[in-house]
Amino acid sequence: MSKSEPASALLASLSSQSKAARFRALLPDIRAAIERGASHQQILAALATAGLQMSSAEFRNALYRERHRKAKKGRHAKQTQTPAAPKAGNHDNRFDYARFRDQETDW
């Protein structure tokens, strides 16, 4: 699937997949069209000519879901890379304020 193939050829090869899967396959081209300033209605018309019929609400919902799926994957990756918090019983790494609070300051 190269970018030079027309959307209709791409959709024909994906005919056995769901509408959401076909939408995800075309998502990079859809995002590029939005960045170029194309309106959602223009994109919907192009998708309809290519064989992917969507209402305006379906299109907005699909865009929302894909954007949040990408953001959710990014948050999940960041969470798995952070080190684990120390256990509740482990006090070795804690700062001992009682030891320093009553000392005179070295100004």
Side-chain angles (χ1 to χ4, degrees):
M1 290 188 279
S2 69
K3 290 187 178 184
S4 61
E5 290 180 323
S8 59
L10 184 62
L11 288 175
S13 68
L14 302 172
S15 62
S16 64
Q17 293 181 344
S18 68
K19 187 186 284 191
R22 290 183 285 161
F23 180 83
R24 278 192 298 274
L26 292 171
L27 193 58
D29 295 329
I30 293 169
R31 285 186 178 146
I34 290 172
E35 288 177 7
R36 286 191 307 270
S39 70
H40 287 186
Q41 292 303 321
Q42 291 170 326
I43 295 170
L44 281 170
L47 291 175
T49 14
L52 183 60
Q53 296 288 332
M54 297 181 90
S55 69
S56 180
E58 283 179 311
F59 181 73
R60 286 192 317 267
N61 193 12
L63 274 178
Y64 172 84
R65 286 181 178 171
E66 292 305 317
R67 287 174 180 159
H68 284 273
R69 179 179 293 157
K70 181 180 178 184
K72 188 175 181 179
K73 285 182 182 179
R75 284 193 307 263
H76 180 68
K78 289 178 185 175
Q79 289 175 354
T80 57
Q81 294 174 357
T82 57
K87 294 182 181 178
N90 186 2
H91 299 290
D92 296 337
N93 296 331
R94 296 176 63 186
F95 184 77
D96 187 10
Y97 287 102
R99 188 171 136 207
F100 292 99
R101 76 173 165 222
D102 296 328
Q103 292 180 355
E104 290 186 30
T105 56
D106 294 332
W107 299 81

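Of all heavy-atom pairs between Q41 and S56, the closest is NE2-OG, 3.7 Å. Nearest heavy-atom pair across P28 and A25 is CD-O, 3.7 Å. Nearest heavy atom pair, residue L44 against residue S55, reads CD2-O, 4.0 Å. Among all heavy-atom pairs drawn from A62 and M54, the shortest one is CB-CE, 4.0 Å.
Taking 4.0 Å as the cut-off between side-chain N and carboxylate O, E66 and R31 do not count as a salt-bridged pair.
Distance check: R24 CZ to R69 CZ gives 5.0 Å after rounding to the nearest 0.5 Å. Note that CG of D29 and CD1 of I34 are 11.5 Å apart. Values are rounded to the nearest 0.5 Å. Interatomic distance, Q53 CD to E58 CD, rounded to the nearest 0.5 Å: 9.5 Å. Between the CG atom of L47 and the CD1 atom of I30 there is a distance of 5.0 Å, given to the nearest 0.5 Å.
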